[in-house]
There are 2 protein chains.
Amino acid sequence: MRIKEVSQRFGLSQDTLRYYEKIGLIDYVTRDSQGNRDYQESDLQRLEFVCCMRDAGVSIQVLREYIELNHLGDETMEARKNLLIQERKKLLDKQAIIQASLDKLEYKIENYEKCLSTKKI
Amino acid sequence: MRIKEVSQRFGLSQDTLRYYEKIGLIDYVTRDSQGNRDYQESDLQRLEFVCCMRDAGVSIQVLREYIELNHLGDETMEARKNLLIQERKKLLDKQAIIQASLDKLEYKIENYEKCLSTKKI
DNA sequence: TATTGACTTAGAGTTAACTCTAAATGATAT
DNA sequence: ATATCATTTAGAGTTAACTCTAAGTCAATA
């Protein structure tokens with residue numbers, strides 16, 4: 001699959017896709033006879049994971065560490081698991097923080113609604 | 001209250017507090033006879049709100065807009081309400097995205113656990 | 001054959017949100 | 001009286017994560 005289609009599929013710019021490859025967030029993508037990237041199924045799967053994590057706010061640095069551990073083979077399984085557990089913790093914390101923020105917003109919005117309806121009477 | 005204590009209370013650096021004031025995220029803080037900031041109750045309340053929103057990822061730009069509308073008085077109540085509703089939507093979307101990420105992480109972690117326990121037999 | 005379009009590269013530039021630096025002031029502790 | 005400490009200011013520097021630029025290649029189309 002060529003870069004344009006991959007870009008559309010994941011909602012990442014072509015620049016970002018090349019950048020992710022340059023910094024090792026995805027492996028070197030094979031090139032076709034013209035020298036253009038030809039993304040394989042495995043690349044797409046990696047991108048799926050990377051996009052999902054990036055969308056949630058997982059840092060590039062952490063994802064690179066994870067990828068790096070992957071490259072080092074089975075010995076690093078425990079380390080990888082622990083890394084994911086850490087990130088899960090961070091995301092759970094973030095959800096709680098967002099929830100607190102939502103509660104505050106909810107309260108303020110209701111307040112505005114009260115004010116606005118009163119004003120109209 | 002002096003900047004040091006405010007900094008500790010909200011977990012913001014003194015630099016950040018001065019920066020927030022400079023860009024209008026909080027109003028100009030009154031200075032004492034020595035020219036040092038003396039944060040009032042109203043400043044602390046504003047900071048409480050700003051911090052909560054910033055922690056959840058609401059952008060400074062949006063918060064500045066909100067503050068700006070506040071300065072413009074009661075006429076802008078509807079606009080302020082709508083701005084908050086928009087931000088609520090963004091945060092709800094973000095929660096869903098994080099949940100998707102968490103589900104994926106959960107799956108992977110379980111997988112690692114299976115692999116690791118099998119290896120030990 | 002000329003031009004259009006999709007791609008390539010290396011490297012520079014951008015943006016949001018801080019964070020740091022340097023020089024100065026005034027109050028407090030030794 | 002001197003040193004230390006908490007402040008102040010304007011403005012420069014940093015970081016993460018892109019995003020853009022310029023110059024070039026190749027294949028397809030008018």
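Lettering of chains follows the sequences in order, A, B, ..., and the numbering in each one begins at 1.
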Write down the distance between [atom1] ([X]) and [atom2] ([N]), rounded to a whole number of angstrom.
{"X": "A/Arg37", "N": "C/dT8", "atom1": "CZ", "atom2": "C1'", "answer": "7 Å"}
{"X": "A/Ile60", "N": "D/dA17", "atom1": "CD1", "atom2": "P", "answer": "5 Å"}
{"X": "B/Glu21", "N": "C/dC18", "atom1": "CD", "atom2": "P", "answer": "15 Å"}
{"X": "B/Asp38", "N": "D/dA6", "atom1": "CG", "atom2": "P", "answer": "17 Å"}
{"X": "A/Asp32", "N": "D/dA27", "atom1": "CG", "atom2": "C1'", "answer": "11 Å"}
{"X": "A/Asn36", "N": "D/dT25", "atom1": "CG", "atom2": "P", "answer": "14 Å"}
{"X": "A/Gln61", "N": "D/dT15", "atom1": "CD", "atom2": "P", "answer": "12 Å"}
{"X": "A/Met53", "N": "D/dA17", "atom1": "CE", "atom2": "C1'", "answer": "18 Å"}

- Query: Does a salt bridge link B/Arg80 with A/Glu113, judged by any charged N lying under 4.0 Å from a carboxylate O?
  - Reply: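 Not counted as a salt bridge, because no side-chain N and carboxylate O are separated by less than 4.0 Å.
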Under 4.0 Å: is that the gap between some side-chain N or O of [X] and OP1 or OP2 of [N]?
{"X": "A/Gln14", "N": "C/dA6", "result": "no"}
{"X": "A/Arg64", "N": "D/dA16", "result": "no"}
{"X": "A/Arg18", "N": "D/dA17", "result": "no"}
{"X": "A/Arg31", "N": "C/dT9", "result": "yes"}

Do the side chains of [Y] and [X] get nearer than 4.5 Å, heavy atoms only?
{"X": "B/Glu48", "Y": "A/Lys104", "value": "yes"}
{"X": "B/Asp43", "Y": "B/Ile26", "value": "no"}
{"X": "A/Asp93", "Y": "A/Lys90", "value": "no"}

- Note on the structure: Side-chain atoms of B/Arg54 come closest, of C/dC18, C/dT8, D/dT9, to C/dC18
- Among the candidates C/dT9, C/dC7, D/dA6, find the nucleotide nearest to the side-chain atoms of B/Arg2.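 Among C/dT9, C/dC7, D/dA6, the one nearest the side chain of B/Arg2 is D/dA6.
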Using nucleotides 19-23 of chain C, report all nitrogen or oxygen pairs with the protein that are shorter than 3.5 Å.
unit_1 : atom_1 : unit_2  : atom_2 : d
C/dC20 : N4     : B/Asp15 : OD1    : 3.2

- Message: Out of the candidates A/Leu83, A/Leu84, A/Ile85, only one should pair with B/Tyr112 under the side-chain contact (heavy atoms from CB on, under 4.5 Å) rule; please name it.
- Response: A/Leu84
- Message: The criterion is ring-ring contact (aromatic ring centres under 6.0 Å, His included); which residues satisfy it with A/Phe10, sequence neighbours excluded?
- Response: none
- Message: Quick test of your reading: applying ring-ring contact (aromatic ring centres under 6.0 Å, His included), list the pairs with at least one residue in residues 15-58 of chain A, sequence neighbours left out, ordered by first then second residue.
- Response: A/Phe49-A/Tyr66
- Query: Under 4.0 angstrom, heavy atoms only, what part of the nucleic acid is B/Ile23 near: base, sugar-phosphate, or nothing?
  - Reply: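 Nothing, no nucleic acid heavy atom in range.
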